[in-house]
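Please read the structure below before turning to the comments.
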Amino acid sequence: MFNLSQKARNAIWIGTMCSLSYLAVYFARNILGAVSPQMTDAGVFTTVQIGSLSSTYFITYAVGQLINGAIGDKIKAKYMICVGLAMAGVCNLIFSMIASTFFLSQVAYGLTGFFLAMIYGPMTKLVAENTDPIYATRCSLGYTFASFFGSPVAGLFAAWLAWENVFRISSITLVGMAVICFTAFCAFERRGIIKYNQYQKPEGRGGSIKILLKHRIVKFTLISILTGVVRTTVVFWLPTYLNEYLEFSAKDASLLFTVATLVISATTFITVFIYERLGRNMDLTILLGFIASTVSFLMVFLFKQQTVNVIFMILGIMSSNAAACMLWSRYCPSLRDTGVVSGATGFLDFVSYMAASASSALFANAASTIGWHGLILVWFGLMACGVIVSLPYEKFKKKTAE
């Protein structure tokens, strides 16, 4: 295999399986946003009801990340990941069958979120503990790419199939990946490719919170919140934004959403290229990402011409996602020596999706009160806050002390 070392080959096996699993997750979680114009046109749900469904999903996903992240530090990743995929597939299928009853569909969609939250924390712990840091970052970039690529996959199916069939295909995909993952992870265990709980919390260094504070968890919590709103909520509402604000038809909005998110999925590769050129400086990469996103959303506010607006919207999302890439692909795997990679990753995902939940409901109402134009200003303001949070205060303090 191109004269790769054994460690590199093992990392490829692990990274490939994790990336495929996460692609199935993000295909499932992006469906509702992709088919929302189709569902509102058909009178299945109103825009406010879809906002409520997405908010419920984000809450259960966030709470699930917090709970399952902590459990993932104690239970083998293969059980967490495979059970989560299979049960999410079942709930997705139920949702497609009972959408006419809003309350029951909300329960089913909420449960989908909880089960999908069983994957990310344990997966990151698995990668961090079984690959060298350089390979851990690249594996994480693989499934970060998969998370972005899930949007165009969902958009492609939404553009050509009835919304019920898109959900059903997703259900089959999730259950199929659960079976494949379990088989693969069992084989990896037998071959010694993966082992569990190789790192424990260091003794005599205080509790988990104290350890994480030394790893700047507060700063990265704020980054998680800000990027979570864009990568989750703004992308979720993008088809509706294209349909209502830029006045594309429902079908054209779905197709454009597919193209836009396909371009956005390249963010991971662009980010790692920039990161390498900056001397693997994570903090500078994050700061530049927020600056570019702030400028892009300002351009979205200033120009409503369809082509220009869409271009800057894509650039704004991509730039914010670049900061998110560093958080999930560089910062989280770097916590492996703490022994609480899954728990810390789950917590960061929890705050990200709680922010997404609150913003999704607010955006749905804001679109009809302050209008999409005003909502763009809110997105601009959030990215400006990201610039402030990402400033190198630590270096400034060191220089002041000297």
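Nothing here was measured: the structure is a model prediction, and the numbers come from that model.
Note that OG1 of Thr124 and CG of Leu335 are 10.0 Å apart. Values are rounded to the nearest 0.5 Å. With values rounded to the nearest 0.5 angstrom, Arg29 atom CZ is found 9.0 Å from Leu116 atom CG. The CD atom of Glu189 sits 5.0 Å away from the CD1 atom of Ile194 when rounded to the nearest 0.5 Å. Taken to the nearest 0.5 Å, the CG atom of Leu382 stands 10.5 Å off from the CD1 atom of Ile225. The CG atom of Leu226 sits 11.0 Å away from atom OG1 of Thr221, with the distance rounded to the nearest 0.5 Å. Here CD1 of Ile81 is found 12.5 Å from CD1 of Ile75. Values are rounded to the nearest 0.5 Å.
Between the side chains of Ser296 and Ser319, not a single donor N or O lies within less than 3.5 Å of an accepting N or O. Side-chain contact annotation: Tyr275 with Arg330, donor-acceptor N/O pair under 3.5 Å present.
Side-chain atoms of Thr40 come within 3.5 Å of backbone N or O of Pro37 as a donor-acceptor pair. Of the possible polar contacts, one joining the Thr173 side chain to the Ile169 backbone as a donor-acceptor pair under 3.5 Å is found. Of the possible donor and acceptor atoms, one in the side chain of Gln306 sits under 3.5 Å from a partner among the backbone N and O of Leu246. Thr285 contributes a side-chain N or O that, together with a main-chain N or O of Asn281, makes up a donor-acceptor pair within less than 3.5 Å. Between the side chain of Ser36 and the main chain of Gly33, a donor-acceptor pair closer than 3.5 Å is present. Formation of a donor-acceptor pair under 3.5 Å by the Thr60 side chain with backbone atoms of Tyr57 is found in this model. Remark: side-chain polar atoms of Thr261 are paired, donor with acceptor, to backbone N or O of Thr258 under 3.5 angstrom. Although no hydrogens or angles enter the test, the distance criterion places no donor-acceptor pair under 3.5 Å between the side chain of Ser320 and the main chain of Gly316. Looking at Ser171, its side chain does come within 3.5 Å of a backbone N or O of Leu93 through a donor-acceptor pair. At distances below 3.5 Å, at least one donor-acceptor pair connects side-chain atoms of Gln38 with backbone N or O atoms of Trp163.
Counting only heavy atoms from C-beta outward, the side chains of Phe182 and Tyr79 approach each other to under 4.5 Å. Using a 4.5 Å heavy-atom cutoff, the side chains of Trp328 and Asp349 are in contact. Side-chain contact between Ile193 and Asn130 is absent, with no heavy-atom pair separated by less than 4.5 Å. Contact annotation: the side chain of Leu262 never approaches that of Leu156 to less than 4.5 Å [non-hydrogen atoms, C-beta and beyond]. Two residues are said to be in side-chain contact when any heavy atoms from C-beta on lie closer than 4.5 Å; Leu85 and Val175 fail this criterion. Side-chain contact between Leu126 and Phe185: present, with at least one pair of heavy atoms (C-beta onward) separated by less than 4.5 Å. By the 4.5 Å heavy-atom criterion applied to side chains, Leu327 and Ile286 are not counted as neighbours. Looking only at side-chain heavy atoms (C-beta outward), Asn68 and Phe114 come within less than 4.5 Å of each other.
If you run side-chain contact (heavy atoms from CB on, under 4.5 Å) between Asn321 and each of Thr267, Thr268, Ile270, only Thr267 comes through. For the ring-ring contact (aromatic ring centres under 6.0 Å, His included) criterion with His373, the lone passing option out of Tyr241, Phe301, Phe303 is Phe301.
Heavy atoms only, all atoms of each residue included: Gly228 and Ser352 are closest at CA-OG, 3.2 Å. The two atoms that bring Thr227 and Ala323 nearest to each other are CG2-CB, 4.0 Å, heavy atoms only. Of all heavy-atom pairs spanning Thr271 and Met326, the tightest one is CG2-CE, 3.8 Å. Taking both residues in full, the closest heavy atoms of Gly72 and Met80 are given as N-CE, 4.2 Å, listed atom of the first, atom of the second, then distance.
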Carefully, step by step, assess Lys125 and Glu129 under the rule salt bridge (Lys or Arg N to Asp or Glu O under 4.0 Å). CA-CA 6 Å; Lys125 180 181 176 69; Glu129 290 191 340; 3.0 Å; yes

Given Phe27 and Leu174, is the side chain to side chain contact (heavy atoms under 4.5 Å, CB included) satisfied, shown in steps? CA-CA 9 Å; Phe27 170 37; Leu174 288 168; over 6 Å; no

Go through the steps for Thr233 and Ser359 under the test side chain to side chain donor-acceptor pair (under 3.5 Å), then give the verdict. CA-CA 7 Å; Thr233 313; Ser359 61; 2.9 Å; yes

Test side chain to side chain contact (heavy atoms under 4.5 Å, CB included) applied to Trp237 and Tyr245, step by step: CA-CA 11 Å; Trp237 286 108; Tyr245 182 65; over 6 Å; no

Passes side chain to side chain contact (heavy atoms under 4.5 Å, CB included), Phe248 versus Phe257? Steps please. CA-CA 11 Å; Phe248 288 97; Phe257 174 75; over 6 Å; no

Begin from the C-alpha positions of Gln65 and Phe347 and carry the test side chain to side chain contact (heavy atoms under 4.5 Å, CB included) through to its verdict. CA-CA 7 Å; Gln65 286 289 355; Phe347 168 74; over 6 Å; no

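Using cut-offs of 30° and 60° for the angle between ring planes, the Tyr22 and Tyr26 rings count as tilted. Aromatic ring pairs are classed by plane angle as parallel below 30°, tilted from 30° to 60° and perpendicular above 60°; the pair Phe45 and Phe102 is perpendicular. Between Phe220 and Tyr331, the ring planes are parallel. Angles under 30° get that label, and only those over 60° would be called perpendicular.
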